[in-house]
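Comments concern the structure below.
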Number of protein chains: 2
Amino acid sequence: MIRNTRQRTAVNAVFDELEGFHSAQEVHARMRASGDSIGLSTVYRAVQALVDDGELDSIRTDAGEAIYRRCSTRHHHHLVCRSCGRTEEVEGPTVERWADRVAAEHGFVDVTHTLEIFGTCAACHSAGAPSADQPG
Amino acid sequence: MIRNTRQRTAVNAVFDELEGFHSAQEVHARMRASGDSIGLSTVYRAVQALVDDGELDSIRTDAGEAIYRRCSTRHHHHLVCRSCGRTEEVEGPTVERWADRVAAEHGFVDVTHTLEIFGTCAACHSAGAPSADQPG
DNA sequence: CCGTAGTCGACAACAGTTCTCACATGCTCC
DNA sequence: GGAGCATGTGAGAACTGTTGTCGACTACGG
């Protein structure tokens with residue numbers, strides 16, 4: 001059974017008023033700062049539960065930190081600027097279909113996928129270094 | 001000055017004979033197992049140097065571990081069975097084009113992407129658990 | 001062969017995350 | 001509205017991947 005606790009509600013509420021991606025630690029610090037008493041472990045648990053429920057969307061930063069954001073129930077992917085970290089949501093029925101088809105061709109079922117696109121956004125490109133490494 | 005040491009050469013060589021993504025720890029273990037004497041720190045340093053040189057491509061796993069692969073290998077994606085771990089390599093010009101296009105539409109340059117497909121392979125599906133969660 | 005500065009490697013330190021476990025509390029049943 | 005109890009909480013320890021430290025080592029130019 002899953003209980004509806006003060007802490008869980010509070011973490012959920014934090015993401016209501018926050019835009020963009022935020023780490024568990026950041027959420028914890030923010031809650032503490034605003035007078036909410038909550039443990040770090042609890043924040044991690046709550047956040048993971050929300051991800052499991054599909055309420056939050058999570059990705060990993062380049063530094064290995066997990067960051068979360070309220071996500072529309074709609075499936076989408078991220079276009080991340082590797083310089084400033086700016087993130088755009090993108091949707092691609094094309095990709096969804098492709099992934100499902102390819103998986104089906106190999107006999108896979110219960111298929112899901114993760115896709116992240118990394119690049120340098122226009123602002124960073126015109127502002128900053130003229131070139132970047134071209135991995136992959 | 002950058003020296004050409006036995007260790008650096010060895011790490012580089014490991015990626016010559018390895019396909020796909022591999023973690024620094026894995027490389028270290030593999031080298032040790034094959035009789036190479038090398039420190040973990042050195043592997044990390046070597047791998048990062050190779051990434052800086054554009055010889056290796058690095059991404060983060062969902063678990064927060066950094067994994068690396070030789071850049072020159074043909075770009076492809078993985079279809080992973082979440083039950084037995086079996087991995088198939090798949091290619092998709094469709095996806096490549098889609099990713100590039102979407103990124104371009106948002107003004108992003110120097111675009112790369114990561115894509116993993118997860119599912120239950122035919123063998124595991126017929127043999128085992130009837131259902132699985134449907135994350136993200 | 002020498003000098004030296006870049007490198008190595010064992011280990012410590014660090015950050016993010018997960019685990020532990022005694023205690024607290026939401027839910028269900030009455 | 002309670003009693004009972006499974007589930008949640010939270011402080012801190014433990015764990016994992018990664019980076020820093022620092023004395024010893026060694027590749028490389030001369």
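Model, not experiment: these values are computed from the prediction. Each chain gets a letter, A, B and so on, in the order its sequence line appears, and its residues count up from 1.
Per the geometry, CZ belonging to A:R3 stands 11 Å off P belonging to C:dT25, to the nearest Å. Rounding to whole angstrom units, CD1 of residue B:I67 and C1' of D:dT18 are separated by 15 Å. Here C:dT25 presents its P atom at 15 Å from CZ of A:R45, a figure rounded to the nearest Å. Rounding to whole angstrom units, CG of residue B:L40 and P of C:dA13 are separated by 17 Å. Per the geometry, NE2 belonging to B:H28 stands 13 Å off P belonging to D:dT18, to the nearest Å. If you measure from atom CD of A:Q48 to atom C1' of C:dC19, you get 12 Å, rounded to the nearest angstrom. The distance between atom CG of B:N4 and atom P of C:dA5, rounded to the nearest whole Å, is 20 Å. As rounded to whole Å, 11 Å separates atom P of C:dC8 from atom CD1 of B:I2.
The side chain of B:E65 approaches D:dT18 more closely than any other nucleotide in the set C:dG9, D:dG12, D:dT18.
Residue-level contact check: B:S37 touches the backbone only, with heavy atoms under 4.0 Å from sugar-phosphate atoms and none from bases. Within 4.0 Å (heavy atoms only), A:A66 reaches sugar-phosphate atoms of the nucleic acid but no base atom. Among the protein residues, A:T5 comes within range of the sugar-phosphate backbone only, with heavy atoms under 4.0 Å from sugar or phosphate atoms but none that close to a base.
At least one side-chain nitrogen or oxygen of B:Q7 sits closer than 4.0 Å to the OP1 or OP2 atom of C:dG9. Phosphate proximity of C:dT18 to A:Y44: absent, as no side-chain N or O sits under 4.0 Å from OP1 or OP2. Remark: A:Q25 is not in phosphate contact with C:dA15, judged by side-chain N or O atoms under 4.0 Å from OP1 or OP2.
Each of A:R32 and B:A24 lies near DNA chain D, and the nucleotide nearest A:R32 is the one positioned closer to the 5' end. Taking for each of B:R6 and B:S41 the nucleotide of DNA chain D with the nearest heavy atom, the 5'-most of the two is the partner of B:S41.
Hydrophobic clustering (side-chain heavy atoms under 4.5 Å, transitive across Ile, Leu, Val, Met, Phe, Trp, Tyr) keeps B:L40 apart from B:V11.
A pairwise comparison of heavy atoms in B:H113 and A:I117 identifies CB-CA, 4.0 Å as the closest pair. Scanning all heavy atoms of the two residues, the minimum distance from A:V43 to A:A24 falls at CG1-O, 3.5 Å. The heavy-atom pair separating A:V80 from A:E116 by the smallest distance is CG2-OE1, 4.1 Å.
A:H106 places no side-chain N or O within 3.5 Å of a backbone atom of B:C121 that could act as its donor or acceptor partner.
Judged by atom type and distance alone, A:S23 does not reach the base of C:dG16 through any side-chain donor-acceptor pair under 3.5 Å.
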